[in-house]
Amino acid sequence: MIVMKIGGSSLRSVESLRLAAGVIHGRPEPEKIVVLSAVSGVTNHLLRSVGEAMQSERRIGGLLDYLNLLHRELILGTISDSRIQHRVLDEVAYLISRLEKLLYGIAYTGECSRRMRDLIISMGERMAVQLLAGALQQQGLEAQALDADKIDIVASGEFGNGNAELDTTARMLPQHLHDLLRRGGIPVITGFFGRTPGGHTITFGRGGTDYSAAIIAHAMEAEELQIWKDVDGFLTANPEIVPEARPLDYLAYDEAAELSYFGAAILHPRTVEPLSRKGIPAVIRNTYRPDAPGTRIGAEKQQHQEIIKSVVTNSDIGMLRLHGASLGQQVGFLKTAVSALSDAEINIISVITAQTAVNLLLGKGDVERSARLVEGLHIAYVDQIEPVTDVALIGVVGEGLDTTRGLAARVFKAVAGAGANVEMIASGASRVTQYFIIKERDRDATVRAIHSEFFGSPAQAVRR
Ligand code: ASP
Ligand code: MG
């Protein structure tokens with residue numbers, strides 16, 4: 001049995017939908033489960049709709065028309081059997097009418113809880129599974145669209161950032177799928193969300209369908225998780241910054257997790273967790289180039305000669321620097337600051353402490369608000385609170401990084417060569433990664449310098 005995650009970018013046009021359906025149809029495995037994102041752009045549109053509906057009810061009609069037309073065009077373009085076509089059109093019309101009620105609800109009340117927002121933005125996936133299941137039925141397959149919150153994919157935590165309850169889900173999900181699978185049918189399941197123990201829809205954060213697919217692979221004890229995207233997998237660097245970046249054919253779980261956590265926008269950062277529990281391998285494949293091997297991810301650790309496998313960067317981060325002569329000795333201080341931030345649902349990416357300063361690594365958008373919150377705590381021994389937003393994070397990842405002498409020196413020589421100053425370093429927290437903070441304006445030059453230190457300059461790369 002395999003689980004196939006199909007990303008929204010593979011559903012953006014009639015042509016790409018046909019490709020995706022062909023990839024699913026063409027897989028030889030007897031049991032296949034498909035997990036789906038919303039059609040490309042739809043989740044953003046739904047989030048925007050929430051914002052606009054809060055302002056005024058007048059725009060709701062137009063916002064819904066857009067979704068209606070987008071899905072209608074895809075349905076008419078891929079499903080010619082009129083019975084299937086009508087059924088799918090009806091399902092989508094029903095979902096849009098539910099969405100309409102929700103949007104009017106927030107327009108009239110002028111408020112939208114996180115729980116309500118999760119329900120609203122889950123509609124994209126609900127429409128997508130109807131569409132793709134219809135396209136597969138059109139090809140003569142027994143495909144069935146299923147909503148994750150109705151088949152006991154259970155999650156808890158904060159709305160907008162739920163965490164799967166893996167054991168509960170593993171106990172409950174299989175009974176919903178077994179009969180269909182045994183008949184050779186294909187479950188087409190919504191990604192991105194599950195249900196809370198109390199029955200409310202809860203999402204897993206942006207890009208959460210990868211995580212959904214991993215939860216399902218774990219629950220069903222799949223042999224493999226295939227993640228079908230519009231890229232070839234992980235690369236040695238972001239190709240927009242380093243055009244000569246090369247694809248990686250293999251990563252160990254922790255390497256993939258670190259790369260995802262620190263900003264390679266390939267996988268949802270928590271995807272690896274359910275997989276590694278059961279040793280289920282994943283492979284990232286490109287729908288548009290189905291013959292490319294992609295990147296495999298698994299339990300086995302492999303050390304490359306150059307140690308570093310990839311250099312990642314993330315510009316969405318910032319820092320909150322707290323200064324005070326004796327901060328490092330103040331037990332409990334960190335707890336006070338950290339709980340104030342987590343009460344405000346601010347995610348702390350990392351904490352670096354020294355004797356006279358504590359640096360909190362945060363999402364860029366959270367820095368100012370965090371500064372105000374910590375200010376409000378009036379902690380006696382904090383002399384200065386310094387929000388820093390003009391920075392970017394650079395990370396290098398690779399098995400053997402912690403045990404190879406001279407490696408850090410090579411990294412930082414390259415950084416210095418690019419004219420960048422290191423504002424903060426963190427290493428040792430994870431065995432396979434080292435990351436540091438530089439000024440945002442130095443980002444591209446730094447990434448290029450590290451890449452050419454370890455993977456050769458563009459000229460060398462061409463000669464290979
Ligand atoms: N549709 C959701 C998003 O855009 C989930 C996903 O794509 O994985 O974030
Ligand atoms: Mg998406």
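All values below were derived from every heavy atom in this structure, side-chain atoms included, with hydrogens, water molecules and symmetry-related copies excluded. Counting starts at 1 for both ligands and their atoms, in listed order.
- The two residues Leu320 and Val367 come nearest to each other via the heavy atoms CD1-O, 4.3 Å.
- Not a single N or O atom of Asp210, backbone or side chain, sits closer than 3.5 Å to an N or O atom of ligand 1.
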Open item on the list: Please evaluate residues Arg114 and Arg117 with respect to the criterion side-chain contact (heavy atoms from CB on, under 4.5 Å), reporting the C-alpha separation (whole Å), side-chain torsions for both, the decisive distance (0.1 Å), and the verdict.
Closed with: CA-CA 5 Å; Arg114 291 173 71 103; Arg117 190 175 59 185; 4.3 Å; yes
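- Not a single N or O atom of Phe192, backbone or side chain, sits closer than 3.5 Å to an N or O atom of ligand 1.
- The aromatic rings of Tyr211 and His268 lie parallel to each other, with less than 30° between the two planes, well short of the 60° mark.
- Distances from ligand 1 to the non-hydrogen atoms of Glu125 include at least one value under 4.0 Å.
- When heavy-atom distances to ligand 1 are checked against a 4.0 Å cut-off, Thr43 comes that close only through its side chain, counted from C-beta outward.
- When every heavy atom of Ala219 is checked against every heavy atom of Ala170, the shortest pair comes out as CB-CA, 3.6 Å.
- Using a 4.0 Å heavy-atom cutoff, Gly208 is listed among the residues neighbouring ligand 1.
- Within ligand 1, counting atoms from 1 as listed, the ones closer than 4.0 Å to a heavy atom of Arg206 are 3 (C), 4 (O), 9 (O).
- Not a single heavy atom of Gly191 sits closer than 4.0 Å to an atom of ligand 1.
- Partner of Arg431 under the salt bridge (Lys or Arg N to Asp or Glu O under 4.0 Å) criterion, chosen from Glu399, Glu258, Glu255: Glu399.
- Per-residue contacts place Ser37 under 4.0 angstrom from the following atoms of ligand 1 (heavy atoms of the residue considered): 6 (C), 7 (O), 8 (O).
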TODO: Run the numbers on Glu273 and Leu166 for side-chain contact (heavy atoms from CB on, under 4.5 Å), then give the verdict.
DONE: CA-CA 10 Å; Glu273 192 201 310; Leu166 291 174; 4.3 Å; yes
